[in-house]
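Just so it is clear: chains get the letters A, B, ... in the order the sequence lines come, proteins before strands, and each one is counted from 1.
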Amino acid sequence: MKTTKLNLFAKGLASFALILSFALVGCNSDPDMPNGDEITDTQQVFVLNSGGNGKANASLDVYFPASKKQAFGVFRAANNIGLGDTAQSIQVRGDGIWICVNSSQVIYHIDAKTHKILGQIKDISKPRHIYFVSDTKAYVSHFEDPNITIINPKTYQKIGTIETFMTKLPAGTPADNFSTEMFVEVPGGKVLVNCWSYQESVLLIDTATDKVEKTIKVGMQPNSMAMDKNGLVWVICGGMTWADPEMTPSIYTIDPKEDYKAAKFGDVPEIEGLLYQDVKNLVMNRDGESFLFSNNSHIYKMSITDKVIPSEPFIMIPRDHFAYTLAIAPNGEIYVGDAIDYRQEGTIIRYSADGKSRLDQFYTGVIPAGFAFYDSKM
Amino acid sequence: MRSILTVVLTLLCIHAIAEERDSIAVAQRYALPELSVTSYRPLSQIGVMKSELDTLVLRDNIALSLGDVLTYGSGIFVKEQGRGALSTVSFRGTSASHTQVSWNSIPLNSPTLGFTDFSMIPSYFVDDAMLLHGSSSISESSGGLGGAVILATDLRRLPEGNKFTFVQGVGSYSTFDEFLKYTFRSEKWRSSTRFVASLGRNNFYFINNEKWELEYDDKGNISRQYHPREQNRNASYRDFHLLQELEYQPSPNHTWRLVAWGTHSWRQLPLLAVIFSNDRKLINDNTSNSIRAALSHRFQGADWTLESKLAHSTNRVAYDNGSEIPSLGRTSYTYRTRSLLHHTFLEERLKWFASPKWLIDASLKAGLQQAYTSDLQKLNLDDGTYGASLSNHRVEASAYLSAKYSPSDRLGIAPAIRLDLYGKKIAPIIPAIYLDYLLYKPANIYLKASVSRNYHHPTLNDLYYFPGGNPDLRPEQGFSYDIGATFDYATPDWKLGGGVNWFDSHIKDWIIWLPASGTTSIWTPLNLHKVHAYGVEANLQGAYRFNELTQVDFQTNFAWTPSINKGPQLHPRDQSVGKQLVYVPKISLSAIARITHDTWRMTYKLAHYSKRYTLTSNQVTPAGVVSPYYMSDISIEKLIKLRPIDLSVKLAVKNLFNHKYQTVIGYPMPGTNFELFITIEY
């Protein structure tokens, strides 16, 4: 058969396609990675980014308030591994930082200056928060585990468990009931821990015996709590308006001086026009005279002497912003974390202590979920 | 090895194309396809942008799901987390729910989630697979903003009498694949029974570079650290499929057909590599039992056909996610979701050849979708019973009408409209128009174009899931146009065909889920984004026969699919506007080359995806980008004649070059692995 121009064109095209396909086989490449700046400020704000659940993109950033500079992804930069999946809490202890990574089921202890791992506690069910009883004993709260785990922070070993009333719930009880959350130290070598998910209890634990002494009933889903200067513990109960409109968010108090008697202070005023109410993030001011909390998008401030829960925001968060997390720095400045669409870098707004001035705004990792304040000079 | 193979294959191809032969006699041991093209475009195909998957691609080996077939046999992006795990597709840069999938006209898209899990479709349960790109999918259904995947079985090709086929596959990671097929054909009856069983542990080893194993000295300081060698955990699967088809043709005009496909699937969902749970058993399982059945009647008149179909599918899905609490000896669950989904519909389809130049294509479909979902972890606080997350049904109806007209041999024009009713709402009319023009007859070069509007209705979860469902959602609206060209050319000893196509889609009211009113615990779907998806699709395939025993085939697919979020900004500091959608690669490439000689056949397959962003901001961070990769598989098969049975032995090597890669961040994929297949036909 005679070769035509069409034949030649078609064959050339076929050859090109095949050569291109096979030539590409060996050409793998890695994406470019960002570089950080060298920063020498001593005051540092650690921003813990939880990352999306199941996305394995938790991270740790550092913000330097004096220079307004940042270092991104310091955990990975120091350790050459990611922080894991769904980081939950961060706290400074001495020159170390402890990070609970919920879904990865690990607790990291890192050096606050170098960010290098000093130790890790593996295979610990969905850790939420740590309370240090001493240098050799600490409690770890959990999601979906009714017990509280006792660890030795020096050896990074699990050394025991504290059973709670949830431990004794009958088989088949929904696991959402099994959770403990934040610790608040109270006088007499005791500590309170709230049972957040689908529960309405706060537990009193004796740190000498490692036993639950008392189960204190509060409102539905106590999510955050703190002690004021008079020793009264304030508890925000988020409610469950999505399940029952009558389960509204509320504030309770627990008085250690009155045998840990709980009292409902009141329901948190509803913001009109919202699908559901979301009240959380109770943080006490350093003087113990007032506290902040978030109600959906906005920040509210309440004095411990107030008779009613405020209905006007202390900080009106700009339109389209959302207060996902909240913290008060040692100097009183306020940090509000916003997750935007939960699938990109979040943003932090830093306010002055009086809430009137916006001092800075900066990006962080995905879903900023917690803050820790550290001064390397101290 | 890679270089040698590349050179050999390339030289073989060039040699094949350079050499000329006047003619060949067909006497293959393997049934090599005819090297010819049909220089005739039926009226029904006017302006249609479609790709048909080669039978040899579908039948490459029994271990392949349709997701695997699409990975290597199309330009569609397939997102999967390994064998036996969820496999979804992105067609033309749209989301998985924007690809409509049907098997023997039964929709496979989940009515609650919207997408199709392609890993649940055994490739051996599909005889014909066709991709309808963009506007072309409107002839089958609405909602295919990216396109449609049309799958079907076909009993017309059955050989006379009885035939048994058995395939056994044994592979790495305790993988076992079984396929059994019995067919029967007489003058009036055709029957096909197929059974597929796939089992595997998927427990490959890998070095976990996202963990450190630490050893401490007496003072509690780290004395040694290393990345542990770990085994992929919680990735076992057991899938069983049974398909029965029966066809009765009492006269040439009437054909009755019954198909029924039952599935039982139990799958563990792989764990993230960053989970540190060593001792406790983690549970992340999905169990699915489904039945899909259809009874149809087809009347073939002199110039018209009428097909009536009554179909039903039921799917019962259980998802458990939790972990054991050793101290209690019990399991704590996060989710224990139970879903029961029903879909029943009746469809009539008429094709009337009003004249040699006119074809009227019309269909009418009415159905009922029902979904019940509950979570055993959600107590109903009023009465202590378990709470229902979803308990809804939706009546759906759709009417389609198209007039296909060919005023000359070269020109075709086909306007079409579709009207949908879902629930109590009537969607706006979906109009479309298709054109084609035969530019150069010797090479069958056609110019094709189409333009259409399309709507994708919210899923039942979008509308009614409790808590968070949004009954006020609007359908996602798409406006698309395509323009392209195809060609086919053949001589007795070689053929070449292909096409290139530009597409442009503007989608508004794109649905995304966000926390409701700034809450963090309850998410709700909203009509928020506009998306501009555009790009180029191209394909090229060909074959060359050296002689009566030897043939080379190849096919390549390429897609360039920018898919851009056009806003609006959700937040003043939202960085996602103007960025590529997450997990949508801009470039997808696949290629298959096959050499057949006498009783031997070697197949090489290549798939490439460019980097995929995991963050809507497209920030390039270690967890923000899935690295691009090139994946190569190869197989060698030998046919052995042992009358009265035919036997073939095949060795498949996957991930030939042992690339470390991930398709979803945090989930490692296996290195080089093997599977041996034995096929017995009687």
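- Under the 3.5 Å distance criterion, the side-chain polar atoms of A:Gln105 are left unmatched by any main-chain donor or acceptor of B:Phe276.
- To the nearest 0.5 Å, atom CD of residue B:Glu324 and atom CG of residue A:Asp145 are 12.0 Å apart.
- Heavy-atom pairs under 4.5 Å with chain A peak, among B:Ser617, B:Gly542, B:Gly220, B:Gly322, at B:Ser617.
- The closest donor-acceptor contact from the side chain of B:Gln225 to the backbone of A:Ile117 lies at 3.5 Å or more, if one exists at all.
- To the nearest 0.5 Å, atoms CG (B:Leu514) and CZ (A:Phe322) are separated by 7.5 Å.
- Heavy atoms closer than 4.5 Å to chain B are found in both the backbone and the side chain of A:Tyr363.
- With a threshold of 4.5 angstrom between heavy atoms, B:Ile512 approaches chain A through side-chain atoms but not through N, CA, C or O.
- Chain A forms the most heavy-atom pairs under 4.5 Å with one residue out of B:Ile665, B:Asn618, B:Leu272, and that residue is B:Leu272.
- Of the two parts of B:Val664, neither the backbone nor the side chain holds a non-hydrogen atom closer than 4.5 Å to a non-hydrogen atom of chain A.
- Tested against B:Leu615 for a side chain to side chain contact (heavy atoms under 4.5 Å, CB included), the candidates A:Arg343, A:Lys55, A:Glu345 yield a single pass: A:Glu345.
- Shown here for A:Ala56 and B:Gly666, the closest heavy-atom pair between the two residues is CB-CA, 4.4 Å.
- If you measure heavy-atom distances from B:Trp212 to chain A, the contacts under 4.5 Å come from both the backbone and the side chain.
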Show, in sequence, the C-alpha distance, side-chain angles and deciding distance for B:Asn209 and A:Ile81, and conclude whether the side-chain contact (heavy atoms from CB on, under 4.5 Å) test is met. CA-CA 7 Å; B:Asn209 291 316; A:Ile81 61 171; over 6 Å; no

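- A:Tyr156 OH to B:Leu214 CG: the interatomic distance, rounded to the nearest 0.5 Å, is 9.0 Å.
- Ranked by heavy-atom pairs under 4.5 Å with chain A, the list B:Lys579, B:Gln619, B:Met631 is led by B:Gln619.
- Looking at B:Thr614, only its backbone comes within 4.5 Å of chain A, counting heavy atoms on both sides.
- Proximity to chain A (any heavy atom under 4.5 Å) is shown, for B:Lys219, by neither the backbone nor the side chain.
- Defined by atom type and a distance below 3.5 Å, a donor-acceptor pair is present between the side-chain atoms of B:His571 and A:Asp338.
- The neighbour count for B:Glu215 CD, taken as heavy atoms of other residues, nucleotides or ligands under 6.0 Å away, is above 12.
- Under the rule for a salt bridge (Lys or Arg N to Asp or Glu O under 4.0 Å), the partners of A:Asp135 that lie at least two apart in sequence or sit in another chain are A:Arg93.
- No side-chain heavy atom of B:Ile222 sits less than 4.5 Å from a side-chain heavy atom of A:Lys116.
- Here the closest non-hydrogen pair linking B:Val274 and A:Ser104 is O-OG, 2.8 Å.
- In this structure, no portion of A:Val279 lies under 4.5 Å from any heavy atom of chain B.
- With respect to chain B, the highest number of heavy-atom pairs below 4.5 Å among A:Val101, A:Thr347, A:Asn57 belongs to A:Thr347.
- Contacts between A:Leu83 and chain B at a heavy-atom distance below 4.5 Å are absent for every atom of the residue.
- With values rounded to the nearest 0.5 angstrom, B:Leu570 atom CG is found 7.5 Å from A:Gln344 atom CD.
- For the atom pair CG (A:Asp85) and CD (B:Glu210), the distance works out to 11.5 Å, reported to the nearest 0.5 Å.
- For the set A:Asn79, A:Asn80, A:Thr155, the count of heavy-atom pairs under 4.5 angstrom toward chain B peaks at A:Asn79.
- Shortest non-hydrogen contact noted between A:Tyr276 and B:Pro467 is OH-CB, 4.1 Å.
- Only the side chain of B:Tyr667 comes within contact range of chain A, judged by heavy atoms closer than 4.5 Å.
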